[in-house]
Amino acid sequence: MERSSVSPARPPARDAVAAPPVPLTLAGRRGKPPRHLADLDLAARRAAVTDLGEPPFRAVQLSRHFFGRYTEHPDDMTDLPRTSRAALAGALLPPLLTAERELSCDDGTTRKTLWRGFDGALVESVLMRYPDRVTMCVSSQAGCGMACPFCATGQAGLTRNLSTAEIVAQVVAGARTLADGQIPDGPARVSDDPSKPPRVSDDPPKPPRVSNVVFMGMGEPLANYANVVAAVRRITDPVPEGMGISQRSVTVSTVGLVPAIKRLTSEGLSVTLAVSLHAPDDELRDTLVPVNRRWKVAEVLDAAWDYAAVTGRRVSIEYALIRDINDQAWRADLLGSLLAGHLVHVNLIPLNPTPGSKWTASRPAAQREFVRRLEAHGVPVTVRDTRGREIDGACGQLAARARP
Ligand code: SAH
């Protein structure tokens with residue numbers, strides 16, 4: 001891990017970071033972000049361009065620019081009549097999120113962006129380039145209402161839901177950054193999979209693309225259900241309908257909103273469901289994930305097993321290891337016995353302490369023992385490599401502070 005570097009996303013003439021956010025009351029708390037083509041399916045985009053007096057195929061042209069070439073500037077759309085470009089782009093590609101700051105670490109292969117919405121709401125996304133994949137971690141809400149006490153986003157409460165297009169725009173922005181060659185390949189490093197040989201240097205470099213999208217930024221995705229599901233479709237539908245990223249490479253992470261998990265099960269999507277469990281017993285989970293007071297561990301897991309059965313997708317159980325809170329050997333055994341025999345994978349996340357937190361990550365010996373006991377139950381488990389720690393871009397640290 002290298003020292004982080006800070007680079008303003010916009011020319012430094014204007015001190016955007018210090019500018020106060022537009023008061024939500026003035027911008028209209030109820031105001032919605034402007035309509036964008038990524039909010040619409042292709043049929044609705046055709047209708048929208050027709051309303052502008054343009055032939056319907058312009059919707060496909062605009063969609064290819066946005067989803068395929070990551071372009072939203074009228075000047076780049078040379079296949080559109082010069083006279084229509086500004087009107088079409090103005091109506092269907094309004095600016096949604098403005099990059100306010102960008103921070104990099106891990107030799108430039110991890111980059112966090114702080115975005116400002118039309119109303120001043122702040123959200124963050126993180127791009128992580130690995131030798132074999134590029135993952136975009138996106139936000140689904142500005143803030144979060146779930147109030148998990150160990151999570152930075154949970155401390156500030158919910159500001160608002162993001163629109164479908166505001167979610168998609170984070171992925172498109174990451175794709176554009178990669179296509180522009182702004183994210184280095186990184187030094188040769190040990191592959192995540194030690195069984196794979198390291199890439200040989202005369203491999204032709206593949207043009208980097210966003211391969212994975214995880215809804216693990218700010219917010220509770222299933223509390224913004226309709227926009228998140230629409231965003232998943234836009235991200236995964238083929239160009240020009242959407243971006244063409246594989247559904248299997250998309251992960252939706254939830255605190256465990258059981259009715260919404262059930263609804264997701266019937267969507268016909270093959271995305272990975274991640275459940276943030278963090279405790280195998282209701283007594284502790286009631287405090288770590290307060291929504292557990294409404295939907296208990298057993299109900300959440302039942303919904304997860306249904307999801308696995310219907311979709312055939314392995315459910316990911318997220319478990320932040322917190323020293324002396326949830327990392328006891330007996331909790332590992334209890335977790336192992338709850339999960340054994342199911343289509344599941346456990347992701348252990350060493351806690352990233354939030355500022356002022358009394359909690360910290362587990363001791364290495366406790367973490368090893370936790371892994372060992374889960375494995376003894378036959379449960380597959382990995383410890384997550386937490387990228388972006390020193391730019392507050394690691395799991396649970398996204399708090400969208402405009403000032404560091
Ligand atoms: N609301 C969703 C998605 C956002 S958080 C959810 O809870 O699943 C993505 C993951 O980071 C969740 O598993 C969350 O519990 C975890 N996380 C939050 N704060 C963390 C922290 N301080 N350290 C480690 N993981 C954390």
Side-chain angles (χ1 to χ4, degrees), residues 112 123-126 128 135-159 161-162 167 170 212-225 227-228 231-232 250-258 260-261 264 271-279 284-285 287-292 294-295 297 300 303-304 307 315-323 325-327 335 345-362 367 370 382-389 391-400:
K112 179 176 84 164
V123 295
E124 296 178 321
S125 62
V126 186
M128 291 157 280
T135 300
M136 263 316 288
C137 176
V138 297
S139 296
S140 55
Q141 299 181 310
C144 185
M146 299 298 126
C148 302
F150 57 89
C151 173
T153 308
Q155 311 310 301
L158 177 66
T159 302
N161 283 335
L162 297 190
I167 298 169
Q170 296 169 58
N212 297 67
V213 176
V214 297
F215 284 79
M216 294 189 180
M218 300 170 70
E220 166 51 39
L222 296 189
N224 182 16
Y225 188 89
N227 290 343
V228 164
V232 168
V250 174
T251 299
V252 174
S253 183
T254 178
V255 288
L257 306 183
V258 167
I261 295 175
L264 189 67
V271 299
T272 298
L273 176 71
V275 174
S276 296
L277 202 65
H278 306 311
L284 179 58
R285 195 167 192 267
T287 67
L288 292 183
V289 184
V291 78
N292 193 70
R294 179 73 183 78
W295 294 289
V297 170
V300 174
Y307 186 86
V315 170
S316 180
I317 298 291
E318 311 293 297
Y319 199 106
L321 279 174
I322 313 175
R323 183 180 297 187
I325 301 291
N326 66 352
D327 62 354
L335 181 63
H345 178 101
V346 176
N347 235 315
L348 296 175
I349 317 166
L351 183 81
N352 286 311
T354 55
S357 165
K358 54 185 189 294
W359 289 330
T360 187
S362 298
Q367 180 177 304
F370 209 91
T382 46
V383 178
R384 185 181 291 172
D385 147 43
T386 51
R387 285 259 193 129
R389 275 186 180 238
I391 55 172
D392 283 349
C395 309
Q397 291 181 351
L398 301 185

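Atoms considered below: every heavy atom in the structure, side chains included; atoms not considered: hydrogens, waters and symmetry mates. One-based numbering, in listed order, for ligands and for the atoms of each.
Put simply, the side chain of R323 gets close to the backbone of A361: a donor and an acceptor are under 3.5 Å apart. S139 places a side-chain N or O within 3.5 Å of a backbone atom of E124 that can act as its donor or acceptor partner.
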Is there a side chain to side chain contact (heavy atoms under 4.5 Å, CB included) between V289 and M146? Walk through the geometry before answering. CA-CA 7 Å; V289 184; M146 299 298 126; over 6 Å; no

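Considering backbone and side-chain atoms together, H278 places an N or O closer than 3.5 Å to an N or O of ligand 1. Taking any N or O of R384, backbone or side chain, none lies under 3.5 Å from an N or O belonging to ligand 1. Considering both main-chain and side-chain atoms, G219 comes within under 3.5 Å of ligand 1 through a nitrogen or oxygen pair. Of the polar atoms of F150, at least one N or O is found under 3.5 Å from an N or O of ligand 1, judged by distance alone. No N or O atom of E318 sits closer than 3.5 Å to an N or O atom of ligand 1.
Atoms of ligand 1 lying under 4.0 Å from at least one heavy atom of T254, given by number and element, are 6 (C), 8 (O). Of all atoms in ligand 1, listed by their number and element, those nearer than 4.0 Å to a heavy atom of C151 are 18 (C), 19 (N). Interface atoms of ligand 1 facing F215, defined by a heavy-atom separation under 4.0 Å, are 3 (C).
In V289, neither the side chain nor the backbone holds a heavy atom less than 4.0 Å from any atom of ligand 1. With a 4.0 Å heavy-atom cut-off, ligand 1 is reached by the backbone of N352 and by its side chain too.
With sequence neighbours excluded, the residues forming a side chain to side chain contact (heavy atoms under 4.5 Å, CB included) with N161 are Q141, N224, listed by chain and number. In this structure, the side chain to side chain contact (heavy atoms under 4.5 Å, CB included) partners of A274, at least two apart in sequence or on a different chain, are M216, T251, S253, S316, E318.
Side-chain contact check for W359 versus L288: some heavy-atom pair is nearer than 4.5 Å. Between F215 and T254, the closest side-chain pair of non-hydrogen atoms is not below 4.5 Å.
Residue M146 places every heavy atom at 4.0 Å or more from ligand 1.
Ring orientation note: the planes of Y319 and F370 are tilted relative to one another, at an angle of 30° to 60°.
Nearest residue to atom 4 (C) of ligand 1 from C144, P350, G217 is G217 (criterion: closest heavy atom).
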